[in-house]
Amino acid sequence: MMTIAHSGLHIRSGRLEERLSGTGPEARFLLEAVLRMAVLGDRWNGKKNDLARRLRLAKKFVSVGVDDLVSAGSLIRRSAETEQKRGRPAISYEVSGEVLDSLKRLESPFSALFDDLFLGPERPFDISQRKSEGFWEEENINGAMRKNPLNACNRLLLAVLLDHSNDVGLVTDVSNSDLQQMTGLNANRVRNRLSILIEQGVIRFHAPGFASARFPGGKIKSSYVLNGQFLKFSANRPKCELYSPDGSHTSRAEWMMFEGKGRGSHIKFKVSKEIMLSVWLLLHRLVALVLSRRRTNAFVELSEDVYELIAATLRAGLSSKADREDFSELCRDLGWWVVDLANRYIDHYSIEGVEEGGQVAVLPYDKHHLILVRVSAQSMDKGS
């Protein structure tokens, strides 16, 4: 089972995640909603229709979710005793004592946004009132979301992606099967709802995962870049410095690795052009790590430290290490490219050394452009 430390969602924590195994998205959305209500001092105890009205959800959606939660032992079904013997007894529901006993406030930079996603109606987020500046100027999704507000299942999927997001909206190492497990959506529904989030601009960029025997575990999972507007809701919203000497906010990605020029021809993958986007994004994740560890203004040198950083990153989350000879060769091939790209960006953008605790992020703007963002240590110290 995939787990993540310090999750900001109740349904992703410990025993609750196990309880919800086999339940659908309706149960997961409703349980997260009623637990967030309880944390805010509003403990729900009532009928299905009452909950549907409070959350502005379809009665069928709530009915399916409540029944699943009763079966999972997270909700208790009670029948009211009445003196009248005619008609059915009134049925009400409440969160089980065992679930409430383990309930606590979860710390997440997106706590306020999670409350909005699960407790708010199906409406666009109020981002028009937020001040736009720098990196966020071109990120405007209000129009698309007014036409097609996110329904409950789409909000659940977005919440899971946000729960895996870093300070600049990059979500990595999350496969479609992981999303199925965490949301209760089946494979087709995950794909369809990801397409909706991409179409509405909620997900700005998606690099699909791919299989390759050269990588530990035999595959690289999908990566996503979320719309920067959502990071305005973050309590840890980073103070960013955008490297954009030409004023265009973007830097043309050079595809010579895929054209077989130079040393890049040594890195061979039998995959489609779309999958190569994932390889390109992986390279720039590594470039970002190297630039974030650079404390001086000097160019980056190809060293054992770089190889070890790449190896550790590729092994992350795996139970077994990959110390085969071909893996070491892969790390060295990637190391050459990472250092070459890092130094190109240092030269082109005049990137200075990063202070302790700061970082440089490299994000795809679209399929052919990249954004380099420097995140200050001051914003990182707020609890990222």
Side-chain angles (χ1 to χ4, degrees), residues 1-4 7-36 48 51-52 55-72 74-75 108 110 113-114 116-123 125 141 144-145 148-165 169 171-209 219 221-227 230:
M1 179 177 291
M2 180 181 178
T3 59
I4 181 171
S7 171
L9 298 176
H10 297 285
I11 56 174
R12 299 277 344 275
S13 57
R15 295 178 182 177
L16 277 186
E17 193 170 25
E18 296 177 9
R19 277 177 178 266
L20 292 172
S21 177
T23 62
E26 300 90 350
R28 295 163 193 262
F29 185 95
L30 290 180
L31 185 58
E32 184 67 35
V34 296
L35 292 180
R36 300 194 85 83
K48 293 178 180 178
L51 188 59
L55 298 178
R56 302 188 189 184
L57 297 172
K59 293 179 181 179
K60 183 178 180 181
F61 182 95
V62 172
S63 181
V64 170
V66 167
D67 289 344
D68 276 356
L69 291 172
V70 170
S71 299
S74 297
L75 290 185
S108 167
F110 294 110
L113 180 52
F114 287 151
D116 196 20
L117 285 169
F118 289 99
L119 303 181
E122 297 184 29
R123 57 178 173 75
F125 301 103
I141 58 177
M145 292 180 71
N148 298 293
L150 297 183
N151 64 21
C153 289
N154 292 338
R155 285 185 273 158
L156 174 63
L157 181 57
L158 172 57
V160 168
L161 291 172
L162 280 167
D163 202 35
H164 288 75
S165 169
V171 181
T172 59
D173 300 326
V174 179
S175 67
N176 275 20
S177 60
D178 292 331
L179 293 176
Q180 292 172 49
Q181 182 185 41
M182 291 182 284
T183 62
L185 295 163
N186 62 32
N188 286 335
R189 293 180 76 185
V190 166
R191 283 194 293 270
N192 290 340
R193 292 178 187 283
L194 285 173
S195 296
I196 291 171
L197 296 182
I198 291 171
E199 181 181 349
Q200 292 192 267
V202 175
I203 296 174
R204 194 178 64 198
F205 184 90
H206 171 216
K219 61 183 178 180
K221 294 184 178 182
S222 297
S223 298
Y224 305 87
V225 178
L226 302 180
N227 192 296
F230 292 107

(request) Using the side chain to side chain contact (heavy atoms under 4.5 Å, CB included) rule, pick out the option among Ile11, Leu30, Leu9 that qualifies with Leu156. (result) Ile11
(message) Keeping Ser71 on the side-chain end and Asp67 on the backbone end, is there a donor-acceptor pair under 3.5 Å?
(response) yes
(request) Look at the side chain of Asp163 and the backbone N and O of Ser7, then say whether any donor-acceptor pair between them is shorter than 3.5 Å. (result) no
(request) Please report the shortest heavy-atom distance between Asp68 and Ala27, naming the atom on each side. (result) CB-CB, 3.7 Å
(request) Walk me through it: do Leu31 and Thr23 pass the test side-chain contact (heavy atoms from CB on, under 4.5 Å)? (result) CA-CA 11 Å; Leu31 185 58; Thr23 62; over 6 Å; no
(request) Check step by step if side-chain contact (heavy atoms from CB on, under 4.5 Å) holds for Leu161 and Leu226. (result) CA-CA 8 Å; Leu161 291 172; Leu226 302 180; 4.3 Å; yes
(message) Quick check: closest heavy atoms across Gly8 and Phe114, and the distance to 0.1 Å?
(response) O-CD1, 3.7 Å
(request) May I ask you to decide if Glu18's main-chain N or O and Ser21's side chain share a donor-acceptor pair within less than 3.5 Å? (result) no
(request) Test Ile198 against His206 for side-chain contact (heavy atoms from CB on, under 4.5 Å), laying out the working first. (result) CA-CA 8 Å; Ile198 291 171; His206 171 216; 4.0 Å; yes
(request) Give a yes or no answer on whether the side chain of Ser222 reaches the backbone of Gly209 with a donor-acceptor pair at less than 3.5 Å. (result) yes
(request) Would you please say whether a donor-acceptor pair under 3.5 Å links the side chains of Arg191 and Asn188? (result) yes
(request) Indicate the atoms forming the closest heavy-atom contact of Val174 with His164, along with that distance. (result) CG2-CD2, 3.8 Å
(message) Quick one, Val66 and Glu26 - any side-chain contact, counting heavy atoms below 4.5 Å?
(response) no
(request) Taking the side chain as every heavy atom from C-beta outward, state whether Lys59 and Lys48 have any atom pair closer than 4.5 Å. (result) no
(request) Check whether any side-chain heavy atom of Cys153 lies under 4.5 Å from a side-chain heavy atom of Pro25, and answer yes or no. (result) yes
(message) Please check: side-chain N/O of Arg28 versus main-chain N/O of Leu20, any donor-acceptor pairing under 3.5 Å?
(response) yes
(message) Looking at Glu32 and Phe118, would you say the former's side chain and the latter's main chain have a donor-acceptor pair under 3.5 Å?
(response) no
(message) Regarding Asn227 and Arg204, do their side chains bring together a donor and an acceptor under 3.5 Å, going by distance alone?
(response) no
(message) Apply ring-ring contact (aromatic ring centres under 6.0 Å, His included) to residues Tyr224 and Phe205 and explain how you reach the verdict.
(response) CA-CA 6 Å; Tyr224 305 87; Phe205 184 90; 9.5 Å; no
(message) Hydrogens and angles aside, do Asp178 and Ser175 bring a side-chain donor and acceptor to less than 3.5 Å of each other?
(response) yes
(request) Applying side-chain contact (heavy atoms from CB on, under 4.5 Å), run through Asn154 and Leu158 and close with a yes or a no. (result) CA-CA 6 Å; Asn154 292 338; Leu158 172 57; over 6 Å; no
